Amino acid sequence: KAEAEAKKAQQVATAKMNTFNNDLSKMTYEQLQNEMQKYIVSNPGIMLQSGEICYFSTGCCSVKYKDVVVGTTRTSTHVGGGRKGMYVGAGSSQQVNNRQTVSEKYPGNFFVTNQRFICNSVKLSFEIPLTKLTSMTTYTDGVTIMSEDKTYNVTFQDVERFKMMLTVNN
């Protein structure tokens with residue numbers, strides 16, 4: 001039942017986004033500028049550079065995924081045989097680490113300006129100029145941003161507003 005509700009919510013969100021995109025394509029330049037004004041954050045809580053405008057600000061968690069050992073398994077083999085009181089044997093033992101990917105979450109704030117992505121968190125902060133952005137993937141609970149050879153994961157609640165802001169400001 002929860003899966004069906006999630007699917008329906010995703011369909012509704014997609015329909016809203018499609019309607020929004022259709023509305024954008026019909027706007028004049030002046031109307032588009034007015035729409036962009038709705039997303040300006042007047043006091044974002046970060047130092048803005050000259051000419052920089054903040055369009056998105058939200059509480060977030062910066063997420064780091066780690067591959068950790070969660071236990072070990074020991075395997076052993078033994079081959080042997082004996083005859084008339086003599087025993088000959090050989091064996092081997094091997095320890096295998098059981099690994100699992102876990103996430104560490106660090107609370108903070110996420111900002112998007114017309115020049116950069118910024119995440120200020122307790123332990124895992126970053127600042128990426130838009131010119132260094134190589135890819136970005138949005139999810140229902142956040143975004144993954146790639147810059148050159150680094151990947152950053154940020155979770156936050158207002159992903160739909162984030163997507164609309166990106167659409168308006170592109």
Side-chain angles (χ1 to χ4, degrees), residues 2-29 31-70 99-170:
E3 189 175 310
E5 288 177 7
K7 187 175 182 179
K8 179 149 178 99
Q10 182 64 35
Q11 289 171 341
V12 168
T14 300
K16 284 181 182 179
M17 188 61 109
N18 289 339
T19 300
F20 183 76
N21 286 339
N22 288 338
D23 291 346
L24 281 178
S25 67
K26 297 174 187 172
M27 287 185 186
T28 65
Y29 179 76
Q31 290 170 324
L32 190 56
Q33 291 293 319
N34 289 337
E35 189 67 28
M36 287 172 59
Q37 295 296 317
K38 293 179 186 178
Y39 291 95
I40 293 177
V41 179
S42 57
N43 294 312
I46 56 170
M47 291 294 293
L48 297 174
Q49 299 168 2
S50 178
E52 188 172 26
I53 301 168
C54 184
Y55 287 106
F56 188 78
S57 171
T58 190
C60 72
C61 281
S62 186
V63 184
K64 182 177 184 178
Y65 294 101
K66 291 173 66 173
D67 193 31
V68 297
V69 176
V70 293
R99 297 190 163 282
Q100 181 178 354
T101 301
V102 297
S103 62
E104 294 177 350
K105 296 184 178 186
Y106 305 102
N109 293 296
F110 181 57
F111 306 93
V112 180
T113 75
N114 60 333
Q115 297 178 12
R116 58 194 170 140
F117 286 98
I118 304 143
C119 181
N120 295 333
S121 70
V122 175
K123 190 174 178 181
L124 191 62
S125 296
F126 63 86
E127 180 177 318
I128 304 170
L130 296 181
T131 57
K132 302 283 183 181
L133 180 71
T134 55
S135 73
M136 181 175 60
T137 306
T138 57
Y139 301 98
T140 57
D141 64 344
V143 63
T144 296
I145 302 168
M146 293 188 72
S147 172
E148 297 170 341
D149 61 343
K150 294 187 179 182
T151 301
Y152 303 94
N153 299 289
V154 182
T155 61
F156 52 91
Q157 292 190 356
D158 207 355
V159 176
E160 289 305 314
R161 186 171 67 90
F162 174 75
K163 288 180 187 177
M164 287 185 187
M165 178 274 309
L166 290 176
T167 302
V168 168
N169 289 302
N170 274 337

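Note that the coordinates shown come from a computational prediction; the quantities given were computed from them, not determined experimentally. Sequential numbering from 1 along the given sequence is applied to the chain's residues.
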Between Cys60 and the options Phe110, Phe111, Tyr106, the side chain to side chain contact (heavy atoms under 4.5 Å, CB included) test singles out Phe110

Roughly how far apart are Leu48 CG and Thr113 OG1, rounded to 0.5 Å? 7.0 Å

To check you understand the geometry: which heavy-atom pair defines the closest contact between Val154 and Cys119, and what is its length? CG2-SG, 4.4 Å

Treating Asn114 as the side-chain partner and Gly51 as the backbone partner, does any N or O pair qualify as donor plus acceptor under 3.5 Å? yes

CZ on Arg116 to CG on Leu130, rounded to 0.5 Å: 10.0 Å

Got a donor-acceptor contact below 3.5 angstrom from the Ser147 side chain to the Ile128 backbone? no

What's the spacing between Gln157 CD and Cys61 SG if we round to 0.5 Å? 9.5 Å

Heavy atoms of Lys105 and Val63 approach each other most closely as CG-CG2, 4.0 Å

Could you check whether atom CD of Glu52 has more than 12 heavy atoms from other residues, nucleotides or ligands sitting under 6.0 Å from it? yes

Value for CD (Glu127) from CD (Gln115), rounded to nearest 0.5 Å, stands at 10.0 Å

Taking the side chain as every heavy atom from C-beta outward, state whether Pro107 and Val122 have any atom pair closer than 4.5 Å. yes

Within this structure, what is the OG1-CD1 distance for the pair Thr151 and Ile145, rounded to the nearest 0.5 Å? 10.5 Å

Enter the distance from Thr134:OG1 to Lys150:NZ here, rounded to the nearest 0.5 Å. 12.5 Å

Answer with yes or no whether the side chains of Asn153 and Thr144 bring together a donor and an acceptor at under 3.5 Å. yes

Phe56-Phe156 aromatic ring centre distance below 6.0 Å: yes

